[in-house]
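Quick caveat: nothing in here was measured; it's all calculated off a predicted structure. Every heavy atom of this structure was used, including side-chain atoms; hydrogens, water molecules and symmetry mates were not.
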Amino acid sequence: LTMVEGRVDSLVVIGAGLPRTGTLSTRAALELLLGGPCYHGSIPVVEIPDHRQIWREAFDTGKIDPVVEKGVLDGFRAGLDHPFMCWYKELLQLHPTAKVLLTVRDPNRWFASSRMLYDIFHTLTRSFPYPWVLHLIGLGDGLNFIKRNMEDTYGLSGRFNEAVRGSEDQAVDFFNAHMEEVKSSVPKDQLLVFDVREGWEPLCKFLDLPIPDIPFPNINDSRQIQVVYNTVRCVAWVILLGLPLLLSYAISQYTADWTGILSILTLGVGSLGVAGQFVTSVVKKQATQKSKKMD
(Lines give C-alpha, C1' and ligand atoms only; values in the text may rest on other atoms or scores of the structure.)
Protein backbone atom coordinates (compact mmCIF):
# COMPACT_ATOMS: atom_id res chain seq x y z
CA LEU A 1 0.00 0.00 0.00
CA THR A 2 2.81 2.43 0.79
CA MET A 3 4.02 2.18 -2.80
CA VAL A 4 0.93 3.94 -4.10
CA GLU A 5 0.26 6.55 -1.42
CA GLY A 6 0.89 9.40 -3.83
CA ARG A 7 -2.06 8.41 -5.98
CA VAL A 8 -4.70 9.51 -3.43
CA ASP A 9 -3.25 12.86 -2.30
CA SER A 10 -6.43 14.73 -3.24
CA LEU A 11 -8.64 12.64 -0.93
CA VAL A 12 -9.64 14.65 2.14
CA VAL A 13 -12.90 12.96 3.22
CA ILE A 14 -13.37 9.20 3.50
CA GLY A 15 -16.96 8.00 3.76
CA ALA A 16 -17.50 4.97 6.00
CA GLY A 17 -21.31 5.06 6.01
CA LEU A 18 -23.44 2.31 4.50
CA PRO A 19 -25.50 2.76 1.33
CA ARG A 20 -28.97 4.26 1.84
CA THR A 21 -27.77 6.64 4.57
CA GLY A 22 -28.14 9.83 2.57
CA THR A 23 -24.98 9.32 0.56
CA LEU A 24 -26.24 11.06 -2.59
CA SER A 25 -27.29 14.09 -0.57
CA THR A 26 -23.92 14.06 1.18
CA ARG A 27 -22.11 13.68 -2.12
CA ALA A 28 -23.75 16.83 -3.46
CA ALA A 29 -22.94 18.67 -0.24
CA LEU A 30 -19.29 17.61 -0.23
CA GLU A 31 -18.79 18.53 -3.86
CA LEU A 32 -20.08 22.01 -3.11
CA LEU A 33 -17.97 22.41 0.03
CA LEU A 34 -14.73 20.89 -1.29
CA GLY A 35 -14.89 22.30 -4.79
CA GLY A 36 -14.19 18.95 -6.39
CA PRO A 37 -15.75 15.58 -7.22
CA CYS A 38 -16.88 13.03 -4.64
CA TYR A 39 -16.74 9.35 -5.52
CA HIS A 40 -20.03 7.47 -5.12
CA GLY A 41 -21.44 4.02 -5.82
CA SER A 42 -23.30 5.36 -8.84
CA ILE A 43 -20.01 6.19 -10.58
CA PRO A 44 -18.99 2.66 -11.64
CA VAL A 45 -22.62 1.68 -12.28
CA VAL A 46 -23.65 4.47 -14.67
CA GLU A 47 -21.03 7.23 -14.83
CA ILE A 48 -17.60 5.62 -15.43
CA PRO A 49 -18.13 2.00 -16.54
CA ASP A 50 -14.37 1.38 -16.87
CA HIS A 51 -14.14 1.38 -13.08
CA ARG A 52 -16.27 -1.73 -12.68
CA GLN A 53 -13.64 -4.33 -13.44
CA ILE A 54 -11.05 -2.58 -11.29
CA TRP A 55 -13.33 -2.62 -8.23
CA ARG A 56 -14.07 -6.27 -8.89
CA GLU A 57 -10.33 -6.98 -8.93
CA ALA A 58 -10.13 -5.37 -5.50
CA PHE A 59 -12.92 -7.51 -4.10
CA ASP A 60 -11.61 -10.68 -5.76
CA THR A 61 -8.11 -10.17 -4.33
CA GLY A 62 -9.19 -8.66 -1.02
CA LYS A 63 -6.90 -5.67 -1.59
CA ILE A 64 -7.53 -2.04 -2.51
CA ASP A 65 -4.28 -1.88 -4.51
CA PRO A 66 -5.82 -2.26 -8.03
CA VAL A 67 -8.13 0.71 -7.39
CA VAL A 68 -5.30 2.94 -6.19
CA GLU A 69 -2.65 1.79 -8.65
CA LYS A 70 -4.95 2.33 -11.64
CA GLY A 71 -5.92 5.82 -10.51
CA VAL A 72 -9.64 5.20 -9.98
CA LEU A 73 -9.71 7.75 -7.16
CA ASP A 74 -7.33 10.26 -8.72
CA GLY A 75 -8.75 13.77 -8.53
CA PHE A 76 -11.56 12.91 -6.15
CA ARG A 77 -11.78 15.01 -3.01
CA ALA A 78 -14.01 12.56 -1.15
CA GLY A 79 -15.74 9.22 -1.49
CA LEU A 80 -18.92 7.59 -0.19
CA ASP A 81 -21.17 4.56 -0.56
CA HIS A 82 -20.45 1.07 -1.90
CA PRO A 83 -17.85 0.06 -3.05
CA PHE A 84 -15.77 2.94 -1.66
CA MET A 85 -16.91 2.57 1.95
CA CYS A 86 -15.86 -1.09 2.04
CA TRP A 87 -12.23 0.08 2.09
CA TYR A 88 -12.38 2.98 4.54
CA LYS A 89 -9.71 1.46 6.82
CA GLU A 90 -7.27 0.88 3.98
CA LEU A 91 -7.89 4.35 2.54
CA LEU A 92 -7.35 5.95 5.93
CA GLN A 93 -4.07 4.07 6.19
CA LEU A 94 -3.08 5.46 2.81
CA HIS A 95 -4.15 8.97 3.74
CA PRO A 96 -3.86 9.27 7.53
CA THR A 97 -4.77 12.97 7.74
CA ALA A 98 -8.13 12.59 5.96
CA LYS A 99 -11.40 13.09 7.81
CA VAL A 100 -13.78 10.13 8.09
CA LEU A 101 -17.50 10.69 7.64
CA LEU A 102 -19.92 8.06 9.00
CA THR A 103 -23.35 8.75 7.54
CA VAL A 104 -26.18 7.24 9.57
CA ARG A 105 -29.97 7.14 9.83
CA ASP A 106 -32.62 5.30 11.84
CA PRO A 107 -31.56 1.62 11.52
CA ASN A 108 -35.08 0.31 10.91
CA ARG A 109 -35.76 2.86 8.18
CA TRP A 110 -32.32 2.06 6.75
CA PHE A 111 -33.26 -1.62 6.55
CA ALA A 112 -36.57 -0.89 4.80
CA SER A 113 -34.84 1.33 2.25
CA SER A 114 -31.96 -1.09 1.70
CA ARG A 115 -34.26 -4.08 1.30
CA MET A 116 -36.34 -2.18 -1.23
CA LEU A 117 -33.26 -1.46 -3.35
CA TYR A 118 -31.95 -5.02 -2.90
CA ASP A 119 -35.28 -6.45 -4.11
CA ILE A 120 -35.19 -4.17 -7.15
CA PHE A 121 -31.66 -5.23 -8.05
CA HIS A 122 -32.54 -8.88 -7.41
CA THR A 123 -35.48 -8.65 -9.82
CA LEU A 124 -33.48 -6.91 -12.55
CA THR A 125 -30.53 -9.31 -12.30
CA ARG A 126 -32.41 -12.60 -11.89
CA SER A 127 -36.08 -12.44 -12.95
CA PHE A 128 -37.17 -12.97 -16.57
CA PRO A 129 -37.25 -11.04 -18.82
CA TYR A 130 -35.14 -8.28 -17.31
CA PRO A 131 -31.59 -9.76 -17.41
CA TRP A 132 -32.12 -11.01 -20.97
CA VAL A 133 -33.53 -7.71 -22.24
CA LEU A 134 -30.96 -5.54 -20.44
CA HIS A 135 -28.15 -7.63 -21.95
CA LEU A 136 -29.83 -7.33 -25.35
CA ILE A 137 -29.87 -3.51 -25.21
CA GLY A 138 -26.20 -3.31 -24.20
CA LEU A 139 -26.45 -2.97 -20.42
CA GLY A 140 -25.25 -6.45 -19.51
CA ASP A 141 -21.88 -5.38 -18.14
CA GLY A 142 -23.42 -2.99 -15.64
CA LEU A 143 -25.98 -5.61 -14.66
CA ASN A 144 -23.23 -8.19 -14.10
CA PHE A 145 -21.32 -5.70 -11.92
CA ILE A 146 -24.38 -5.20 -9.71
CA LYS A 147 -25.01 -8.95 -9.57
CA ARG A 148 -21.45 -9.75 -8.54
CA ASN A 149 -21.55 -7.05 -5.87
CA MET A 150 -24.71 -8.63 -4.48
CA GLU A 151 -22.97 -12.01 -4.38
CA ASP A 152 -19.95 -10.77 -2.42
CA THR A 153 -19.15 -12.67 0.75
CA TYR A 154 -15.86 -10.90 1.54
CA GLY A 155 -15.46 -8.29 4.26
CA LEU A 156 -17.86 -5.41 4.80
CA SER A 157 -19.54 -5.94 1.43
CA GLY A 158 -20.31 -9.54 2.31
CA ARG A 159 -21.64 -8.64 5.75
CA PHE A 160 -23.81 -5.93 4.22
CA ASN A 161 -25.30 -8.38 1.71
CA GLU A 162 -25.99 -10.96 4.39
CA ALA A 163 -27.69 -8.38 6.61
CA VAL A 164 -29.93 -6.96 3.88
CA ARG A 165 -31.02 -10.45 2.82
CA GLY A 166 -31.80 -11.42 6.41
CA SER A 167 -34.33 -10.32 9.00
CA GLU A 168 -34.86 -6.76 10.17
CA ASP A 169 -33.36 -7.58 13.57
CA GLN A 170 -30.28 -9.05 11.91
CA ALA A 171 -29.89 -5.97 9.72
CA VAL A 172 -30.27 -3.56 12.63
CA ASP A 173 -27.64 -5.51 14.60
CA PHE A 174 -25.29 -5.27 11.62
CA PHE A 175 -25.94 -1.53 11.23
CA ASN A 176 -25.17 -0.84 14.89
CA ALA A 177 -22.12 -3.11 14.85
CA HIS A 178 -20.76 -1.26 11.82
CA MET A 179 -21.16 2.07 13.61
CA GLU A 180 -19.22 0.77 16.59
CA GLU A 181 -16.51 -0.71 14.38
CA VAL A 182 -15.96 2.63 12.63
CA LYS A 183 -15.88 4.48 15.94
CA SER A 184 -13.30 2.08 17.32
CA SER A 185 -11.17 2.16 14.15
CA VAL A 186 -10.96 5.92 13.53
CA PRO A 187 -9.38 8.50 15.87
CA LYS A 188 -12.14 10.51 17.53
CA ASP A 189 -10.88 13.86 16.26
CA GLN A 190 -10.99 12.59 12.66
CA LEU A 191 -14.52 11.17 12.76
CA LEU A 192 -17.96 12.71 12.32
CA VAL A 193 -21.10 10.62 12.79
CA PHE A 194 -23.51 12.47 10.53
CA ASP A 195 -27.23 12.34 9.82
CA VAL A 196 -28.19 14.37 6.74
CA ARG A 197 -31.18 15.76 8.67
CA GLU A 198 -28.66 17.76 10.72
CA GLY A 199 -27.83 19.84 7.65
CA TRP A 200 -24.78 22.00 7.03
CA GLU A 201 -23.69 23.00 10.52
CA PRO A 202 -21.99 19.82 11.87
CA LEU A 203 -20.46 18.97 8.48
CA CYS A 204 -19.03 22.45 7.94
CA LYS A 205 -17.73 22.62 11.50
CA PHE A 206 -16.06 19.23 11.04
CA LEU A 207 -14.37 20.37 7.82
CA ASP A 208 -13.67 23.87 9.13
CA LEU A 209 -15.52 25.45 6.21
CA PRO A 210 -18.16 28.22 6.04
CA ILE A 211 -21.83 27.28 5.87
CA PRO A 212 -23.28 27.83 2.36
CA ASP A 213 -26.28 30.12 2.04
CA ILE A 214 -28.37 27.47 0.24
CA PRO A 215 -30.43 24.55 1.62
CA PHE A 216 -28.64 21.29 2.31
CA PRO A 217 -29.09 18.88 -0.65
CA ASN A 218 -31.90 16.37 -0.21
CA ILE A 219 -31.74 13.63 -2.83
CA ASN A 220 -32.83 10.13 -3.80
CA ASP A 221 -36.25 9.44 -2.38
CA SER A 222 -37.77 5.98 -2.60
CA ARG A 223 -40.60 7.13 -4.85
CA GLN A 224 -38.15 8.30 -7.50
CA ILE A 225 -36.30 5.00 -7.35
CA GLN A 226 -39.59 3.19 -7.92
CA VAL A 227 -40.30 5.43 -10.91
CA VAL A 228 -36.91 4.56 -12.43
CA TYR A 229 -37.47 0.87 -11.69
CA ASN A 230 -40.91 0.87 -13.32
CA THR A 231 -39.52 2.72 -16.34
CA VAL A 232 -36.88 0.03 -16.82
CA ARG A 233 -39.50 -2.69 -16.48
CA CYS A 234 -41.76 -1.02 -19.04
CA VAL A 235 -38.91 -0.71 -21.53
CA ALA A 236 -38.09 -4.40 -21.05
CA TRP A 237 -41.65 -5.54 -21.73
CA VAL A 238 -42.07 -3.22 -24.72
CA ILE A 239 -38.97 -4.77 -26.27
CA LEU A 240 -39.97 -8.33 -25.37
CA LEU A 241 -43.42 -7.96 -26.90
CA GLY A 242 -42.65 -5.39 -29.57
CA LEU A 243 -39.78 -7.11 -31.40
CA PRO A 244 -41.75 -10.28 -32.26
CA LEU A 245 -44.66 -8.13 -33.42
CA LEU A 246 -42.31 -6.07 -35.58
CA LEU A 247 -40.83 -9.21 -37.09
CA SER A 248 -44.29 -10.68 -37.76
CA TYR A 249 -45.35 -7.45 -39.43
CA ALA A 250 -42.24 -7.43 -41.62
CA ILE A 251 -42.80 -10.99 -42.77
CA SER A 252 -46.50 -10.45 -43.47
CA GLN A 253 -45.95 -7.23 -45.41
CA TYR A 254 -42.78 -8.10 -47.31
CA THR A 255 -43.09 -11.83 -47.97
CA ALA A 256 -41.34 -11.59 -51.31
CA ASP A 257 -39.24 -8.53 -50.58
CA TRP A 258 -36.18 -9.31 -48.44
CA THR A 259 -35.09 -5.69 -48.70
CA GLY A 260 -38.22 -4.59 -46.87
CA ILE A 261 -37.78 -7.27 -44.22
CA LEU A 262 -34.16 -6.29 -43.69
CA SER A 263 -35.14 -2.64 -43.37
CA ILE A 264 -37.66 -3.48 -40.65
CA LEU A 265 -35.13 -5.70 -38.87
CA THR A 266 -32.52 -2.92 -39.04
CA LEU A 267 -35.04 -0.57 -37.48
CA GLY A 268 -35.66 -3.12 -34.74
CA VAL A 269 -31.97 -3.58 -34.00
CA GLY A 270 -31.46 0.17 -33.97
CA SER A 271 -34.26 0.56 -31.47
CA LEU A 272 -32.36 -1.69 -29.05
CA GLY A 273 -29.48 0.78 -28.95
CA VAL A 274 -31.87 3.67 -28.44
CA ALA A 275 -33.56 1.77 -25.61
CA GLY A 276 -30.18 1.15 -23.94
CA GLN A 277 -29.30 4.84 -24.15
CA PHE A 278 -32.70 5.82 -22.78
CA VAL A 279 -32.46 3.48 -19.77
CA THR A 280 -28.91 4.65 -19.05
CA SER A 281 -29.96 8.31 -19.18
CA VAL A 282 -32.90 7.70 -16.83
CA VAL A 283 -30.72 5.91 -14.27
CA LYS A 284 -27.90 8.46 -14.58
CA LYS A 285 -30.31 11.36 -14.11
CA GLN A 286 -31.51 9.81 -10.86
CA ALA A 287 -27.98 9.10 -9.62
CA THR A 288 -26.50 12.51 -10.43
CA GLN A 289 -29.32 14.85 -9.46
CA LYS A 290 -28.46 17.69 -7.11
CA SER A 291 -31.52 18.66 -5.10
CA LYS A 292 -34.47 16.37 -4.71
CA LYS A 293 -36.08 14.90 -1.60
CA MET A 294 -34.67 11.79 0.08
CA ASP A 295 -37.08 9.36 1.74
Side-chain angles (χ1 to χ4, degrees), residues 1 3-15 19 23-24 26-28 30-31 34-88 90-91 94-95 98 117 120-121 124-125 130-152 154-158 160-161 220 228 232 235 272-290:
L1 289 177
M3 294 176 60
V4 291
E5 285 181 2
R7 302 301 296 273
V8 289
D9 280 348
S10 65
L11 201 64
V12 296
V13 176
I14 297 171
T23 55
L24 272 177
T26 308
R27 176 192 184 184
L30 288 174
E31 289 184 340
L34 301 176
C38 174
Y39 205 91
H40 187 271
S42 62
I43 288 179
V45 175
V46 294
E47 297 178 48
I48 311 179
D50 289 347
H51 286 185
R52 297 169 187 160
Q53 183 56 39
I54 303 172
W55 281 112
R56 289 313 316 168
E57 288 177 21
F59 283 109
D60 291 343
T61 60
K63 297 180 179 180
I64 191 65
D65 296 57
V67 171
V68 183
E69 290 171 347
K70 295 180 181 179
V72 167
L73 302 177
D74 284 4
F76 286 91
R77 302 286 285 159
L80 304 162
D81 205 81
H82 188 285
F84 183 96
M85 59 87 183
C86 296
W87 307 94
Y88 75 92
E90 290 83 354
L91 289 167
L94 284 169
H95 203 85
L117 193 59
I120 287 174
F121 284 155
L124 294 179
T125 57
Y130 308 115
W132 179 78
V133 172
L134 290 173
H135 277 79
L136 190 64
I137 63 177
L139 303 181
D141 185 64
L143 201 66
N144 287 336
F145 177 73
I146 293 172
K147 183 179 179 181
R148 291 189 65 189
N149 288 344
M150 294 173 67
E151 294 171 347
D152 274 335
Y154 171 81
L156 179 54
S157 185
F160 169 78
N161 288 334
N220 197 7
V228 172
V232 174
V235 169
L272 295 178
V274 172
Q277 293 174 3
F278 172 71
V279 170
T280 299
S281 68
V282 169
V283 176
K284 184 179 290 188
K285 182 178 180 180
Q286 164 65 17
T288 58
Q289 61 184 308
K290 294 299 181 183

Using the rule given for side-chain contact (heavy atoms from CB on, under 4.5 Å), can you reason through I14 versus W87, listing the C-alpha separation, both sets of side-chain angles and the distance that settles it, and then say yes or no? CA-CA 9 Å; I14 297 171; W87 307 94; over 6 Å; no
Tell me, with the steps shown, if R52 and D141 meet side-chain contact (heavy atoms from CB on, under 4.5 Å). CA-CA 9 Å; R52 297 169 187 160; D141 185 64; 2.7 Å; yes
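To the nearest 0.5 Å, atoms CG (L80) and SG (C38) are separated by 4.0 Å. A distance of 8.5 Å separates CG of L117 from CE of M150, quoted to the nearest 0.5 Å. Atom-to-atom distance recorded for E31:CD and H40:NE2 is 10.0 Å, nearest 0.5 angstrom. To the nearest 0.5 Å, atoms NE2 (H95) and CG (L73) are separated by 11.5 Å. For the atom pair CG (L94) and CD (E90), the distance works out to 8.5 Å, reported to the nearest 0.5 Å. Atom OG1 of T26 is separated from atom CG of D81 by 10.0 Å, given to the nearest 0.5 angstrom.
Closest approach of P66 to I54, counting heavy atoms only: O-CG2, 3.5 Å. Scanning all heavy atoms of the two residues, the minimum distance from R27 to S42 falls at NH1-OG, 3.2 Å. When all heavy atoms of W55 and P83 are compared, the pair lying nearest together is CD2-CG, 3.4 Å. Contact between P19 and M85 at its shortest, heavy atoms only, is CD-CE, 3.4 Å. The two residues N149 and S157 have their closest heavy-atom pair at O-OG, 4.0 Å. Contact detail for A98 and L11: the closest heavy-atom pair is CB-O, 4.1 Å.
A donor-acceptor contact shorter than 3.5 Å links the side chain of Y154 to the backbone of G62.
For the side-chain contact (heavy atoms from CB on, under 4.5 Å) test, residues two or more places apart in sequence or in another chain that qualify with D60 are R56, R148. Residues satisfying the ring pair (Phe, Tyr, Trp, His ring centres under 6.0 Å) criterion with F160, sequence neighbours excluded, are absent altogether. Annotation: side-chain contact (heavy atoms from CB on, under 4.5 Å) contacts of P131 (sequence neighbours excluded): L143.
Residues H82 and F59 bring their aromatic ring centres within 6.0 Å.
Using a 4.0 Å cut-off between charged side-chain N and carboxylate O, K70 and E57 make a salt bridge.
Between the side chains of H51 and Y39, at least one donor N or O lies within less than 3.5 Å of an accepting N or O.
Under the 4.5 Å side-chain criterion, counting only non-hydrogen atoms from C-beta, L134 is not in contact with T125.
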